[in-house]
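Below you'll find the structure, written out as structure tokens, and then a few comments.
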Amino acid sequence: MQIAHVTAPGRGETNRLLARAAQVLRAEGLRLAGTVQLDTETPRSPLCDMDVLVLPDGPTLRISTSLGPGASGCRLDPAGLEDSVALTLANVERGPDLVIINKFGKQEAAGRGFRDAIGAAMVADIPVLVGVNEANRPALDSFCEGAAEQLDPTLEAILHWARWAARDANRTSAS
């Protein structure tokens with residue numbers, strides 16, 4: 001089981017790193033599954049818009065909903081999240097080289113969200129890369145029984161791990 005996580009300082013930095021890594025790895029020919037957040041290069045307006053690209057080729061889905069004018073926050077859109085999870089799980093079942101999940105968050109910590117897709121990849125020995133914040137890291141550690149490797153929050157570290165993990169998984173499955 002190969003799983004790694006990244007936590008970058010700064011609002012949206014983990015999302016930017018994972019989206020860029022997916023772009024590079026896909027261009028290199030790795031078969032990807034998962035989700036990455038889009039529109040990470042510019043400030044989002046309103047701040048609660050959260051669009052994810054289902055890897056490898058889409059669709060793009062909104063998984064958040066605004067609480068309306070004057071609200072200081074937003075909430076997760078259960079239908080959008082459910083759709084992205086179902087598509088991701090179907091893509092994991094196709095046997096990609098690597099699964100990237102933009103966030104192991106509150107939903108995953110509670111046993112929902114992308115947790116089944118992450119678990120299916122781990123059972124199938126498909127490497128998994130997830131973004132996680134400090135608050136949800138203990139839940140991730142518990143879920144993967146401490147096996148998650150913490151990566152430096154740099155594109156180079158993420159790409160190095162992903163390339164190595166995908167090659168190692170492909171060698172293991174060919175044996």
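Annotation for A8 and T14: closest pair N-OG1, 2.8 Å, computed over non-hydrogen atoms. Of all the heavy atoms in P56 and R26, the pair that sits closest is O-NE, 3.3 Å. Between L30 and A166 the shortest heavy-atom distance is CD2-CB, 3.7 Å. Closest heavy-atom contact between F114 and S84: CZ-OG, 3.5 Å. Shortest non-hydrogen contact noted between R115 and E108 is NH1-O, 2.8 Å.
Taken from CG in D51 to CD in Q37, the straight-line distance is 8.0 Å, to the nearest 0.5 Å. In this structure, CG on L129 lies 10.5 Å from CD1 on I118, to the nearest 0.5 angstrom.
The side chain to side chain contact (heavy atoms under 4.5 Å, CB included) test applied to D152 returns T154, A157, not counting sequence neighbours. Qualifying side chain to side chain contact (heavy atoms under 4.5 Å, CB included) partners for L53, counting only residues two or more places apart in sequence or in other chains: V36, L38, L55, T60. Legend: residues meeting salt bridge (charged side-chain N to carboxylate O under 4.0 Å, His left out) with R112, ordered by chain and number and at least two apart, are absent. Looking at residues two or more places apart in sequence or on another chain, you find a side chain to side chain contact (heavy atoms under 4.5 Å, CB included) between L159 and A21, V24, L25, L155, R163. With sequence neighbours excluded, the residues satisfying side chain to side chain contact (heavy atoms under 4.5 Å, CB included) with V99 are A33, V92, P96, I101, A121, I126, V128. Partners of E93 under the side-chain hydrogen bond (donor to acceptor under 3.5 Å, both in side chains) rule, at least two apart in sequence or in another chain, do not exist in this structure. Residues that satisfy the salt bridge (charged side-chain N to carboxylate O under 4.0 Å, His left out) test with E82, not counting sequence neighbours, are absent from this structure.
Screening N102, V52, D83 for a side-chain contact (heavy atoms from CB on, under 4.5 Å) involving I63 leaves a single residue, V52. Applying side-chain contact (heavy atoms from CB on, under 4.5 Å) to L18 and the options T35, V130, I100 leaves one that passes, I100.
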May I have the list of side-chain donor-acceptor pairs in residues 134-151 shorter than 3.5 Å, sequence neighbours left out?
| from | atom 1 | to | atom 2 | distance (Å) |
| --- | --- | --- | --- | --- |
| E134 | OE2 | R137 | NH2 | 3.0 |
| N136 | ND2 | N133 | OD1 | 3.1 |
| R137 | NH1 | Q150 | OE1 | 3.2 |
| R137 | NH2 | T7 | OG1 | 3.0 |
| E149 | OE1 | W161 | NE1 | 3.3 |

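Annotation: side chain of Q2 is in contact with side chain of D168 (closest heavy-atom distance under 4.5 Å). Residues D77 and L81 fail the side-chain proximity criterion, which asks for heavy atoms closer than 4.5 Å.
Of the possible polar contacts, one joining the R31 side chain to the G95 backbone as a donor-acceptor pair under 3.5 Å is found.
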